[in-house]
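This report concerns only the one structure given below.
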There are 2 protein chains.
Amino acid sequence: MYSKAEENYLKAIFKIYEKTGKHVHTNAIALHLDNSAASVTDMVQKLSEKNLVNYTKYKGVLLTNEGKKVVTGLIRRHRLWEYFLVNKLGFGWDNVHELAEELEHIHSEELISKLDEYLGMPKYDPHGDPIPNGEGKYSMRTQLLLSDLVAGQMGTLVGVGDNSSSFLKHLDHLKIGIGTQIKLISKVDFDDTFLVEVQGKEHNLSAKIASNVRVKMFDR
Amino acid sequence: MYSKAEENYLKAIFKIYEKTGKHVHTNAIALHLDNSAASVTDMVQKLSEKNLVNYTKYKGVLLTNEGKKVVTGLIRRHRLWEYFLVNKLGFGWDNVHELAEELEHIHSEELISKLDEYLGMPKYDPHGDPIPNGEGKYSMRTQLLLSDLVAGQMGTLVGVGDNSSSFLKHLDHLKIGIGTQIKLISKVDFDDTFLVEVQGKEHNLSAKIASNVRVKMFDR
DNA sequence: AATATTATTGAAATTAACCTAAATTATTGA
DNA sequence: TCAATAATTTAGGTTAATTTCAATAATATT
């Protein structure tokens with residue numbers, strides 16, 4: 001199996017690639033992992049040796065299929081543990097990331113498939129992110145950003161774009177969570193904020209918040 | 001916090017001390033952990049620096065109170081995870097040791113107290129071993145070895161002295177587990193075996209098995 | 001195209017956890 | 001009691017994952 005360090009590099013590469021869709025530069029990885037660029041070069045060469053990434057000097061890396069498989073496994077474990085921590089042990093959704101980060105490095109296939117079954121094979125984690133199945137497949141929901149709605153439209157919150165504790169705590173405070181129904185009353189151009197209605201109450205949300213809330217439109 | 005390696009050394013020292021009750025020699029630890037004696041000396045000196053053991057050159061080590069506290073925490077985590085794996089996820093009792101060995105190194109106090117609560121604060125793990133509470137206290141049951149019973153006496157199996165997979169699988173095969181009632185019919189001096197009755201069936205158990213089965217006598 | 005900026009690399013050093021081989025100390029049994 | 005044997009420690013290395021720092025390559029700016 002791969003070491004914790006290797007796995008964390010692969011995850012970082014995956015995450016950065018998700019945003020940019022281009023070759024992932026060593027510097028970007030160094031920034032993300034708070035490591036020196038020199039360490040990253042070392043590790044990236046090692047990962048390339050093991051055929052987990054394709055590496056071109058000065059250009060950056062891309063995950064190979066093998067590398068993607070490793071990352072999908074990590075994400076599956078991470079999100080299943082988050083689901084367990086929140087829905088069985090009663091942790092808050094703002095509080096489980098670090099623990100899942102440790103638990104995901106336990107590799108037993110049997111453990112994960114039994115945990116999956118015990119949890120009822122959930123499709124989404126507590127932040128609305130999809131949980132890959134045993135084969136690495138996961139469903140993407142058609143979803144929009146709250147900031148992309150048109151005034152008057154209504155949606156159900158299905159995910160958040162940022163899992164930072166401070167953001168999630170803020171949502172908790174507003175009594176907004178997964179499943180909450182949100183109606184966009186209007187966009188306020190003047191200060192680029194969003195007037196919404198949640199459970200009968202009006203709130204004024206910043207653009208930063210609105211662009212980190214993912215909603216699903218009602219089927220009609 | 002302490003590293004995995006340090007914790008494993010402390011656990012080994014604890015286990016060996018449990019059996020012998022004397023200073024724990026370098027070689028005994030090396031044997032237990034399958035390390036070289038020289039590595040053990042290194043680590044033991046480090047643990048001594050950190051006041052987790054008292055170390056006398058050429059004589060061996062004893063755990064300090066601090067060291068004992070660390071070990072009790074490890075045992076608590078290990079046994080709670082075993083309980084979870086067996087009673088929630090459906091693992092067999094012969095199959096959980098290695099996984100618990102990994103899970104026990106996750107240090108979150110919140111995780112363990114929430115897990116404990118979720119499990120209903122169990123007092124014994126799936127092998128009948130006591131689970132220390134948050135303060136490190138645990139109850140010892142008055143228990144006997146099956147091999148110490150007198151012919152005709154009956155007891156309930158409450159624990160096993162060996163958690164090896166092969167031993168536990170053998171017990172499974174005989175349909176003997178925690179809670180099983182066992183009656184000693186007679187000791188067979190000739191070949192040092194034990195004739196017992198379990199659920200209406202007679203079995204002839206070796207001395208090795210009988211001395212690794214712990215029973216509690218019926219209260220009358 | 002020349003220069004400035006940013007990214008990448010190589011070399012040398014560090015730390016934790018190991019190892020082997022050699023030296024030292026303890027034990028024991030003739 | 002003292003020499004042989006066993007156990008332990010020391011000394012000196014190895015490996016994985018880091019770091020820092022200086023040199024070099026690629027890219028961007030004027």
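Chain A is the first sequence line, chain B the second, and so forth, proteins listed ahead of strands; every chain is numbered from 1.
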One pair to check against side-chain contact (heavy atoms from CB on, under 4.5 Å): A:K11 and A:E104. What are the steps and the verdict? CA-CA 11 Å; A:K11 248 193 343 177; A:E104 75 187 12; 2.5 Å; yes
What integer distance in Å separates [X]:[atom1] from [N]:[atom2]?
X     : N      : atom1 : atom2 : result
A:Y2  : D:dA16 : OH    : C1'   : 17 Å
A:Y9  : D:dT18 : OH    : P     : 5 Å
A:M43 : C:dT8  : CE    : C1'   : 17 Å
B:D42 : D:dG13 : CG    : P     : 15 Å
A:L31 : C:dT6  : CG    : P     : 13 Å
A:Y58 : D:dA25 : OH    : P     : 6 Å
B:H23 : C:dA26 : NE2   : C1'   : 15 Å
A:N35 : C:dA7  : CG    : P     : 16 Å

N/O (side chain, [X]) to phosphate O (OP1/OP2, [N]) under 4.0 Å:
X     : N      : answer
B:T26 : D:dA7  : no
A:H25 : C:dT8  : yes
B:K57 : D:dT10 : yes
A:N27 : C:dT6  : no
B:S36 : C:dT20 : no
B:Q45 : D:dT10 : yes
B:T41 : D:dT9  : yes
A:Y55 : C:dT8  : no

Assign B:A5 to base, sugar-phosphate, or nothing according to its heavy-atom contacts below 4.0 angstrom with the strands shown. sugar-phosphate
B:F84 ring center within less than 6.0 Å of A:F84 ring center: yes
Assess the pair B:H78 and B:H97: is the distance between their ring centroids shorter than 6.0 Å? yes
Note: B:G177 and B:L157 closest approach over all heavy atoms is O-CB, 3.6 Å
Please give the nucleotide sitting opposite C:dA30 as a Watson-Crick or G-U wobble pair, both distances under 3.5 Å, or none. D:dT1
Does A:K88 count as lying over the ring of A:Y118, i.e. NZ or CZ under 6.0 Å from the six-ring centre, within 45 degrees of the axis? yes
